[in-house]
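Written below as structure tokens is the structure these notes are about.
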Amino acid sequence: MPIQNIRLFGDPVLRTPAAPVVDFDRELRQLVKDLTDTMLDAPGAGLAAPQIGVGLRVFTYWVDGELGHLVNPDLDLSEELQEGDEGCLSFPGLRFETPRALRTVAKGFNQFGEPVVVEGTELMARCLQHETDHLDGILFIDRMDREQRKAAMKAIREAEWGEGPAPVVKASPHATFGRAL
């Protein structure tokens, strides 16, 4: 169970679009395991490969008791929107109101290259969108309106981890259950 370091806001890897997975091999299965172990340890509702410094289109999720992963996801979003608090393991301790589609259908593959479809509403829809955004180099603060983003950037600057160069944090083995995406 190798817990990986989680990259924080300011690390360039979080703004770099991830490459599609082409090899469904042992290394990919290890990446999925590392992502899952790190996400559960943090704890989080989702974790994308760029958040641990790996530029591949893979993420894991743990929502409403459903544990899974998706490789090379493609999303279909409902036009109906939801508002709600959203957090991120790359922005520890911070949560902000973020608009998202209410329903999402995610199509991709599992770690063995088999097709997978994950459908979700509310929190699952939010998680699928949030993690796919990470794979595209988009952060949840990019989804906020101008006023919300300004408040979020102020909170980031005031956060203990928001000073200086982009730090990397190790997931805590004694983390509380305040889950972020």
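If you're wondering where the values come from, they're calculated on a predicted model, not measured in any experiment.
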Spell out, yes or no, whether [X] and [Y] are grouped together once hydrophobic residues are joined by side-chain heavy atoms under 4.5 Å, including indirect joins.
| X | Y | answer |
| --- | --- | --- |
| Leu67 | Ile52 | yes |
| Val63 | Val116 | yes |
| Leu77 | Ile138 | no |

Applying side chain to side chain contact (heavy atoms under 4.5 Å, CB included) to Val117 and Val105, what does each step give before you reach the verdict? CA-CA 7 Å; Val117 176; Val105 176; 3.8 Å; yes
Nearest heavy atoms of [X] and [Y], plus distance in Å:
| X | Y | value |
| --- | --- | --- |
| Phe96 | Ala155 | CZ-CB, 3.8 Å |
| Glu83 | Pro99 | OE2-CB, 3.3 Å |
| Ala152 | Ile141 | CB-CG2, 4.1 Å |
| Leu31 | Ala49 | CD2-CB, 4.3 Å |
| Ala48 | Leu135 | CB-CD2, 3.9 Å |
| Gly137 | Asp142 | O-OD2, 4.5 Å |

Calculate, to the nearest 0.5 Å, the distance between atoms [atom1] and [atom2] belonging to [X] and [Y] respectively.
| X | Y | atom1 | atom2 | answer |
| --- | --- | --- | --- | --- |
| Asp25 | Phe112 | CG | CZ | 11.5 Å |
| Glu97 | Asp145 | CD | CG | 10.0 Å |
| His130 | Leu123 | NE2 | CG | 11.0 Å |
| Leu128 | Thr104 | CG | OG1 | 6.0 Å |
| His69 | Leu35 | NE2 | CG | 10.0 Å |
| Thr121 | Leu102 | OG1 | CG | 6.0 Å |

Would you check if Arg157 and Lys154 make a side-chain contact, meaning some heavy-atom pair closer than 4.5 Å?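 Yes, at least one pair of side-chain atoms sits under 4.5 Å.
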Lys107 and Asp76, any side-chain heavy atoms less than 4.5 Å apart: yes
Any sub-3.5 Å donor-acceptor pair from Asn72's side-chain atoms to Val21's backbone N or O? yes
For the side chain of Asp64 and the backbone of Glu66, is there at least one donor-acceptor N/O pair under 3.5 Å apart? no
Side chain to side chain contact (heavy atoms under 4.5 Å, CB included) between Arg126 and Thr98: does it pass, once the steps are laid out? CA-CA 9 Å; Arg126 182 173 295 281; Thr98 307; 3.9 Å; yes
With a 6.0 Å cut-off (strictly less than), is the heavy-atom count around CD of Glu122, excluding the residue itself, greater than 12?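 It does not: Glu122 CD has 12 such atoms or fewer within range.
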Could you go through Ser90 and Gln51, starting from their C-alpha distance and side-chain angles, then the distance that decides it, and tell me whether this counts as side-chain hydrogen bond (donor to acceptor under 3.5 Å, both in side chains)? CA-CA 7 Å; Ser90 294; Gln51 290 179 276; 3.0 Å; yes
Check the pair Phe9, Leu94 against side chain to side chain contact (heavy atoms under 4.5 Å, CB included), reporting the backbone distance first and the verdict last. CA-CA 11 Å; Phe9 175 72; Leu94 301 179; over 6 Å; no
Are Phe140 and Phe91 an aromatic pair by the rule of ring centers under 6.0 Å? yes
Taking NZ, NE, NH1 and NH2 as the nitrogens, is one of them in Arg57 or Asp136 under 4.0 Å from a carboxylate oxygen of the other?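 Answer for the salt bridge query: yes.
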Are side-chain N/O atoms of Gln30 and Asp34 paired as donor and acceptor at under 3.5 Å? yes
What verdict does the side chain to side chain contact (heavy atoms under 4.5 Å, CB included) test give for Leu47 and His134, after you've listed the backbone C-alpha separation in whole Å, the side-chain angles of each residue and the deciding distance to 0.1 Å? CA-CA 9 Å; Leu47 187 65; His134 271 300; over 6 Å; no
With salt bridge (charged side-chain N to carboxylate O under 4.0 Å, His left out) as the test, would you mind laying out the steps for Glu86 and Arg100 before giving the verdict? CA-CA 10 Å; Glu86 194 163 310; Arg100 294 284 184 181; 2.8 Å; yes
